[in-house]
Structures are given as C-alpha cells and as structure tokens.
Amino acid sequence: MSTHSSLRKRKLTGGKKRAYRAKKKYELAGYPAETIIGEPKRKIARCIGGNIRVKALTEKFASVTDQRTGQTQKVGITRVIRNGANVDYNRRGVITKGTEIDTTLGHAKVTSRPGADGIINAVLIAGKEKQ
C-alpha cells in the first residue's frame, strides 16, 4: 500500500515534491465515523485483505475502568466534556480517542478508537470521580 505522506516534506534544495501517481481505489480511506451519543448503531466496513472494521456511529454506553481498583464497568455516557482533537468535534459532541466524557461513575478519558474499534473504552480521570 502506497501513501503520499512524504509529499508534505520538501527536497533538500527546497523544491516541492510531486505525487508520482494518484491514489488507487483500494488506498482510499472511508469517511470518518464521527461517533456521537445516542442509541447504539454500528456500521461494518470492508478493509484491505477482506478484513472487516466495525465503526460505532452512535453509542450511549462505555466500558470504564477504575485504575485504582482495576475494575471495569459498563456505564452510561451523559455528555461529552471536551474533545481536544478538533474544535468542531468539541462543539458537536463527537467522541474520538482522548475525548473526556461524563459518565455515571464520573469523568473519564476515552482510550479506544470508536470509529475503528466499534466500542468505547475509557479510564476514570483521577480526582474527578463523583462521591
């Protein structure tokens, strides 16, 4: 699989690198899932090699781990607190890896990639748990 990731760099002479060909159909990525809070809805996408990828489109539960006790519980998501990945995602409440969410256990940080894994895993943020 070829990528065009090196094209953002320049040559030693300062000149721009040009793409030697366009991307082929199998190299194109799909649209982002942009997971939001709602009734659980998933989409199955075919990947390279015939593998499948489960994309979570909407989800209202998360598997939250308390690192002090080591216990994991399936809890409801009440709202998205902050998404540092994108200002627009923050406004719209899109859940990606690194998003801070408010759950019934307390504030948690998402550790999985819902658009690629199809599930939301999170860990409790220390000092922000509900008493």
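No experiment lies behind these values; they were computed from the predicted model shown.
Val94 and Ile37 fall into different hydrophobic clusters, where Ile, Leu, Val, Met, Phe, Trp and Tyr residues are linked whenever their side-chain heavy atoms come under 4.5 Å apart, directly or through other members. Placement of Ile36 and Tyr89 within a single hydrophobic cluster is found when ILVMFWY residues are connected by side-chain heavy-atom separations under 4.5 Å, directly or transitively.
At least one donor-acceptor pair closer than 3.5 Å links the side chain of Thr35 to the backbone N or O of Ala56. The backbone N or O of Ile119 sits nowhere less than 3.5 Å from a side-chain atom of Asp117 that would complete a donor-acceptor pair. Side chain of Lys55 to backbone of Tyr31: a donor-acceptor contact under 3.5 angstrom is found.
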Walk me through whether Ile120 and Ile77 qualify under side chain to side chain contact (heavy atoms under 4.5 Å, CB included). CA-CA 10 Å; Ile120 298 176; Ile77 302 170; 3.9 Å; yes
Working note: Arg42 + Ile44, criterion side chain to side chain contact (heavy atoms under 4.5 Å, CB included); need CA distance, chi angles, decisive distance, verdict. CA-CA 7 Å; Arg42 288 175 175 71; Ile44 296 176; 6.0 Å; no
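In this structure, the separation between CG on Asp102 and OG1 on Thr104 is 9.0 Å, given to the nearest 0.5 Å. For the atom pair CG of Asn86 and CZ of Arg91, the computed distance is 9.5 Å after rounding to the nearest 0.5 Å. Note: Ile125 CD1 to Leu105 CG = 12.5 Å, rounded to the nearest 0.5 Å. One finds the CD atom of Glu59 at 9.5 Å from the CD atom of Glu39 (value rounded to the nearest 0.5 Å). Atoms NZ and NZ, on Lys60 and Lys41 in that order, are 15.0 Å from each other to the nearest 0.5 Å. The CG atom of Asp88 lies 10.0 Å from the CG atom of Asn83; values are rounded to the nearest 0.5 Å.
Residues Ile95 and Val110 are in side-chain contact: their nearest non-hydrogen atoms beyond the backbone lie under 4.5 Å apart.
Checked by atom type, the side-chain pair Asn121/Thr111 shows no donor-acceptor distance below 3.5 Å.
Summarising the geometry of Cys47 relative to Arg53, their closest heavy-atom pair is SG-CB, 3.4 Å, with the distance given to 0.1 Å. Contact between Lys11 and Lys16 at its shortest, heavy atoms only, is CE-O, 3.6 Å.
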